[in-house]
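Structure first, then comments.
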Amino acid sequence: MNESVPTDPTSTDAPRYDFRAAEPAWQRAWAERGSFHVDDVPVGGKPKYYVLEMFPYPSGKIHMGHVRNYTLGDVVARYKRARGFEVLHPMGWDAFGLPAENAARERGIHPAKWTWDNIAAMRAELQRMGLSLDWDREFATCDPAYYGHQQKLFLDFLTAGLVERKESWVNWDPVDGTVLANEQVIDGRGWRSGALVEKKQLSQWFLRITAYAPDLLSALDTLDRWPERVRLMQSNWIGRSEGALLSFTLTQQEGDIAKAEVFTTRPDTLFGMSFLALAPEHPLAAAVAARDPGAAAFIADCRRMGTSEAVIETAEKLGYDTGLTVQHPFIEGATFPVWIANFVLMEYGTGAIFGCPAHDQRDLDFARKYGLHVTPVVLPAAGDPASFAVGNEAYVGAGTIFNSGLLDGLEVDAAKRSIIAELEKRRIGTGVVNWRLRDWGVSRQRYWGCPIPVIHCDACGIVPVPADQLPVRLPDDVTFDKPGNPLDHHPTWKYVACPKCGAAARRETDTFDTFVDSSWYFARYCSPKVDVPVDRAAVDHWMPVDQYIGGIEHAILHLLYSRFFTRAMKQTGHIAVEEPFAGLFTQGMVNHESYRATDGTWLYPDEIEKRPDGTASHRETGAPVVVGRVEAMSKSKRNTVDPGAIIDRYGADTARWFILSDNPPERDMEWTEAGVAGAYRFTQRVFRLVEGCDEMAAAMPSEFGAAGRDLRHVAHRTIAAVSDALESFSFNVAVARLYEFVNAIADADRANDRAGLPWARREAMEILARLISPMMPHLAEQIYRRLHPAAAALVVDLPWPQPDPALVAAETVTIAVQVMGKLRATIAVQPNAAADTVIAAAESEPNVMRLLAGKHVVKRVHVPNRIVNFVLAG
RNA sequence: GCGAGAGUGGCGGAACGGUAGACGCAGUCGACUCAAAAUCGACCGACCUUCGGUCAUGGGGGUUCGAAUCCCCCCUCUCGCACCA
């Protein structure tokens with residue numbers, strides 16, 4: 001494996017492209033010229049283009065996912081730049097987060113040191129990729145110079161009524177003393193401590209994303225450069241549903257509770273009611289539990305069960321009859337039992353439902369289990385009202401309402417409207433729109449995050465930190481020797497005077513969810529040094545991001561939060577746009593084969609030797625190796641490839657080229673050693689071609705032979721084809737066209753008719769240098785310099801080449817000749833030749849003649865420049 | 001369960017309804033070499049009676065002069081959501 005790569009580039013006779021010398025040299029040249037620098041508010045009138053890739057978390061090393069992400073972005077940035085746009089292409093660090101605190105707890109390294117060291121290491125790795133980034137704009141979200149402005153934004157949101165403090169149910173780890181995200185609860189236990197997680201009500205800060213729910217949903221239609229499925233995922237997440245809110249009166253008051261409010265999307269089925277069910281966390285359930293140990297035990301069971309996906313999948317519907325009953329709002333004297341049910345969610349609607357088993361599958365399962373009655377009220381078109389019954393499958397289709405008093409005879413939709421009007425008339429309910437989206441809880445009991453800038457005063461309540469006291473900085477001297485939030489344990493940090501009354505008060509010790517940090521960084525990049533969150537002129541110029549690129553895993557949370565934040569910033573006067581990302585591209589993952597020794601231990605790709613038949617053995621011991629599935633690179637399976645090692649061995653251009661060439665960028669790709677080696681061979685091949693290039697003749701020759709003419713056609717068509725491919729994110733197709741182009745240049749070198757060929761060949765190399773420059777920027781510069789040893793210009797400063805329309809047009813076209821739709825011959829004709837001429841030429845082809853002999857041709861189809869088809873009788 | 005996307009050679013993939021398999025990887029043969037690597041050249045879907053044919057884009061129907069592409073049904077895989085009332 002990999003013998004094709006010389007350890008010493010000078011070890012063979014052929015001229016070698018020495019990427020180890022060339023790549024850093026060109027990177028220095030770009031940096032010295034400030035090639036990728038742009039101003040906050042540019043003058044000069046070039047159209048702007050803002051390219052952004054999702055900024056990395058500084059884990060310590062870049063991985064292949066980063067390489068793919070930043071290569072894709074760099075192709076776009078360099079291409080748009082050549083196309084005459086002023087391109088903003090910044091980079092920074094999503095630098096707060098739990099891993100830094102884990103490093104502190106496990107290894108005693110301060111989170112700040114751990115983070116900044118990682119940033120330094122990763123910056124160096126990224127710089128080796130030769131990305132066209134404006135490094136002057138770099139920042140890290142853990143820098144007070146960033147998070148101080150975030151605190152200001154929060155205070156502005158607070159003033160604007162976009163922030164709330166409210167009680168909410170959270171996953172609480174009693175051992176670690178912290179709130180856990182749903183993803184951090186595994187089988188009901190804390191992922192770190194292993195302790196049973198409790199549901200706890202806690203006072204938390206919330207950003208009122210629900211205030212924008214209608215707009216966040218409807219504006220999805222305007223995001224026409226977003227992938228359809230991302231818009232769909234957001235739409236589902238926001239989850240609009242129309243229905244009714246109605247309240248049921250208890251026949252006997254429970255404590256001071258007299259009514260239960262219910263949300264339903266099927267108010268038309270109200271007469272099919274059989275029971276009322278409460279979520280275990282519902283206040284009425286709690287009131288019952290206070291006097292009924294059976295109810296209390298049932299609620300405790302539900303709480304322990306949790307709501308993880310695996311549990312829901314298998315859990316059967318369980319209920320507890322409270323003994324309470326409610327009156328039916330329309331059926332005089334009818335009452336229904338009130339149950340507590342494990343399948344009712346407190347988070348959705350009102351936490352209470354009315355059960356109509358005939359027309360809801362869950363309600364039906366529940367009713368069958370507990371012997372509750374099932375009354376159908378929607379009759380299918382072909383149904384007989386006297387005999388229609390529901391078995392074990394609820395009927396959820398269209399139909400006519402029956403058994404329903406005033407609704408009888410109405411269709412489902414009409415019945416909904418009618419019953420809502422009636423509810424509103426009697427003041428027991430209203431038609432409402434309900435949203436699945438919840439407000440965004442941003443409080444985290446952690447040290448390594450942005451402090452929430454408020455102060456708790458016993459006298460004044462919650463007092464915002466005055467703007468002139470921002471940033472609220474994290475203290476450096478913290479310890480991680482006990483569980484819980486180090487900010488809370490700090491001896492002095494939280495004790496401050498109330499800004500209002502001066503009395504002793506306490507700082508908020510919670511910090512922001514790190515998703516807050518990434519919800520506005522794209523705006524900060526426009527003016528990263530100013531002493532306000534954003535400079536209006538700068539964001540007005542640069543925003544929105546024209547092309548955003550990142551992983552599909554952020555389809556909902558990060559992108560939705562950013563859309564919300566941008567709206568909130570607009571409302572508070574920081575920005576003019578409300579959609580942050582005009583174009584979104586979601587890339588696929590980078591996968592790799594996995595390998596295991598016969599004892600089951602995972603092996604790194606470096607440790608194994610592949611054989612041509614696809615089997616493998618251990619490189620050192622020769623022991624057999626099991627070649628496993630191609631799957632996402634992960635440390636535990638050791639199927640990772642280190643980008644740094646690849647760049648050492650093959651160079652950045654090779655890595656970039658391979659990652660672009662393998663497949664369409666939105667799909668998952670497989671990283672293969674053979675594929676990288678192939679890309680490396682291509683870089684050397686291109687370099688050899690320029691070595692064989694003659695000096696440019698001063699003027700274009702007046703005559704070209706066939707080879708020169710053909711090459712010029714290919715060159716100019718390649719410009720057109722590569723441009724099209726780059727515009728449509730078909731980078732693998734752009735690569736394929738460039739392979740063809742290089743093959744054509746090599747073919748021309750073997751041609752006999754050499755008139756004008758040296759000139760044409762050199763023109764081809766010039767075009768090649770520019771066309772590969774978005775993908776392989778270093779090699780492009782190297783070729784260009786070889787062609788123009790004295791030139792001061794760099795490819796990076798040159799405009800994108802324009803194809804000559806006369807050369808893009810064909811001299812002859814190949815027409816496919818079909819008989820009865822099957823290909824029988826091809827003929828070469830002049831472009832746009834007359835139908836008669838083409839059909840005559842086609843009919844004179846021997847093979848066609850043979851097939852047409854003695855047959856009656858009923859139709860001759862001619863599609864100009866494409867095809868002739870003879871349709872025979874019978 | 002609901003929703004979305006995808007099924008094309010050994011592999012990744014290409015193909016405005018118009019020559020299916022571009023281009024790359026892997027492979028075969030040859031040249032160069034003492035040899036190998038690199039490089040260069042040729043071949044490379046299956047099958048047959050091989051200057052010519054037949055069959056082939058998950059399966060089955062349909063529309064069309066012509067379908068990988070459009071329509072209907074089915075199968076498989078991937079992803080997302082999910083006791084959402």
Side-chain angles (χ1 to χ4, degrees), chain A residues 3-6 11-14 16 227-233 235-237 239 241 243 262-266 269 277 279 307 309 311-313 315-317 341-345 347-356 359-363 365-366 434-436 552-553 555-556 610 612-614 630 658 661-664 666-670 672-679 681-682 684-685 688 730 732-743 746 750 814-826 846-847 850 858-863 865-872:
Chain A
E3 290 82 357
S4 59
V5 179
S11 67
T12 60
D13 298 335
R16 288 270 177 190
E228 182 59 37
R229 67 181 181 131
V230 174
R231 291 192 284 169
L232 207 72
M233 281 161 70
S235 166
N236 290 338
W237 186 266
S241 54
V262 156
F263 172 74
T264 179
T265 55
R266 293 298 303 272
T269 63
T307 51
E309 211 170 297
V311 173
I312 290 165
E313 193 81 36
E316 66 178 318
K317 295 185 176 31
N342 67 342
F343 68 94
V344 181
L345 305 174
E347 302 86 63
Y348 188 79
T350 62
I353 61 160
F354 83 79
C356 175
H359 306 292
D360 183 287
Q361 191 60 46
R362 290 157 310 178
D363 295 349
D365 295 345
F366 191 77
N434 191 53
W435 303 88
R436 182 184 175 278
I552 187 77
E553 67 274 17
I556 294 172
K610 274 299 266 303
D613 61 3
V630 173
F658 172 60
S661 69
D662 190 60
N663 68 349
E666 67 275 13
R667 293 194 207 166
D668 289 354
M669 69 171 287
E670 185 190 356
T672 62
E673 323 310 316
V676 187
R681 283 198 299 272
F682 182 71
Q684 295 298 338
R685 184 162 185 232
R688 278 196 305 277
S730 305
N732 57 321
V733 178
V735 165
R737 294 294 166 258
L738 288 166
Y739 270 109
E740 289 180 82
F741 186 26
V742 163
N743 290 343
R750 292 194 301 276
T814 305
I815 304 276
V817 182
Q818 298 182 342
V819 177
M820 293 298 280
K822 287 196 187 298
L823 182 74
R824 297 304 176 186
T826 59
N847 203 32
R850 183 171 62 78
V858 293
K859 195 170 175 185
R860 294 170 176 82
V861 180
H862 171 241
V863 181
N865 301 325
R866 292 231 172 253
I867 206 158
V868 172
N869 188 14
F870 296 98
V871 185
L872 304 178

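Order of the sequence lines sets the chain letters (A, B, ...), proteins ahead of strands, with each chain counted from 1. The basis for the numbers below is simple: all heavy atoms, side chains too, and nothing from hydrogens, waters or symmetry mates.
The side-chain tip of A:K317 points at the ring of A:F343 from less than 6.0 angstrom away and within 45° of straight on.
The closest side-chain heavy-atom distance from A:F658 to A:T672 is below 4.5 Å. Residues A:R362 and A:V344 fail the side-chain proximity criterion, which asks for heavy atoms closer than 4.5 Å. No side-chain heavy atom of A:V868 sits under 4.5 Å from any side-chain heavy atom of A:Q818. Side-chain contact check for A:R685 versus A:R688: some heavy-atom pair is nearer than 4.5 Å. Residues A:I353 and A:D363 meet the side-chain proximity criterion, which asks for heavy atoms closer than 4.5 Å.
Separating the CG atom of A:N434 from the P atom of B:C84 is a distance of 13 Å, rounded to the nearest angstrom. Atom CD of A:Q361 and atom P of B:G1 are 12 Å apart (whole Å). Separating the NE2 atom of A:H862 from the P atom of B:C65 is a distance of 18 Å, rounded to the nearest angstrom. When rounded to the nearest whole Å, the span between CG of A:N342 and P of B:C83 equals 12 Å. One interatomic measurement links the two molecules: CG of A:L872 to P of B:G66, which rounds to 12 Å at whole-angstrom precision. A straight line from CZ of A:R362 to P of B:C2 spans 14 Å, rounded to a whole angstrom. In this entry the distance linking CD of A:Q684 with P of B:A37 reads 18 Å, nearest Å. Taking atom CG of A:N236 as the reference point, atom P of B:G1 lies 18 Å away to the nearest angstrom.
Between A:R266 and A:E228, the residue anchored nearer the 5' end of RNA chain B, judged by the nucleotide with its closest heavy atom, is A:E228. The nearest heavy atom of RNA chain B to A:M233 and to A:R850 marks one nucleotide each, and the one closer to the 5' end goes with A:R850.
Heavy atoms of other residues, nucleotides or ligands lying less than 6.0 angstrom from CZ of A:R229 number 12 at most.
Checking side-chain atoms of A:N434 against main-chain N and O of A:S241 turns up no donor-acceptor pair under 3.5 Å. When atom types are taken as modelled, the side chain of A:N869 and the backbone of A:V861 share no donor-acceptor pair closer than 3.5 angstrom. Without hydrogens or angle criteria, A:N663 side chain to A:D668 main chain gives a donor-acceptor distance under 3.5 Å.
Distance check on atom P: B:G61 versus B:G17 gives 25 Å, rounded to whole Å. Nucleotides B:U8 and B:C70 have their P atoms positioned 16 Å apart, rounded to a whole Å. Annotation: B:U49 and B:C40 have their C1' atoms spaced 37 Å apart (nearest Å). Nucleotides B:G59 and B:G53, compared at atom P, are 25 Å apart to the nearest Å. The C1' atoms of B:A56 and B:A46 are separated by 8 Å, rounded to the nearest whole Å. With C1' as the reference atom, B:G13 and B:G45 are 15 Å apart, rounded to whole Å. Taking the C1' atom of each, B:G1 and B:U69 are spaced 31 Å apart, rounded to whole Å. A distance of about 37 Å separates the C1' atoms of B:C16 and B:U28, rounded to the whole Å.
A perpendicular orientation is assigned to the rings of A:Y348 and A:F263, their planes being inclined by more than 60° (bins at 30° and 60°).
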*Could you summarise the pairing of RNA chain B as dot-bracket text, marking Watson-Crick and G-U pairs under 3.5 Å with ( ) or [ ] inside the strand and | across strands?*
(((((((..(((.....[....))).(((((.......))))).((((...))))..(((((..]....))))))))))))....
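An anti base is found at B:G52: its glycosidic angle is more than 90° from 0. The glycosidic torsion of B:U28 lies more than 90° away from 0, which places this base in the anti conformation.
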*If a protein heavy atom is under 4.0 Å from the base, mark B; if only from the sugar-phosphate, S; if neither, -; do that for nucleotides 12-25 of chain B going 5' to 3'.*
SSS-B-BB--BSSS
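Residue A:R436 has no polar side-chain atom (N or O) positioned under 4.0 Å from OP1 or OP2 of B:A85.
Counting any heavy atom pair closer than 4.0 Å across all strands shown, A:V344 reaches a base atom. Residue A:D365 is out of contact with every strand shown, counting any heavy-atom pair closer than 4.0 Å.
Comparing atom distances between the A:R824 side chain and each of B:A4, B:U54, B:A82 picks out B:U54 as nearest.
Checked by distance alone, A:K859 brings no side-chain donor or acceptor within 3.5 Å of a matching partner on the base of B:C65.
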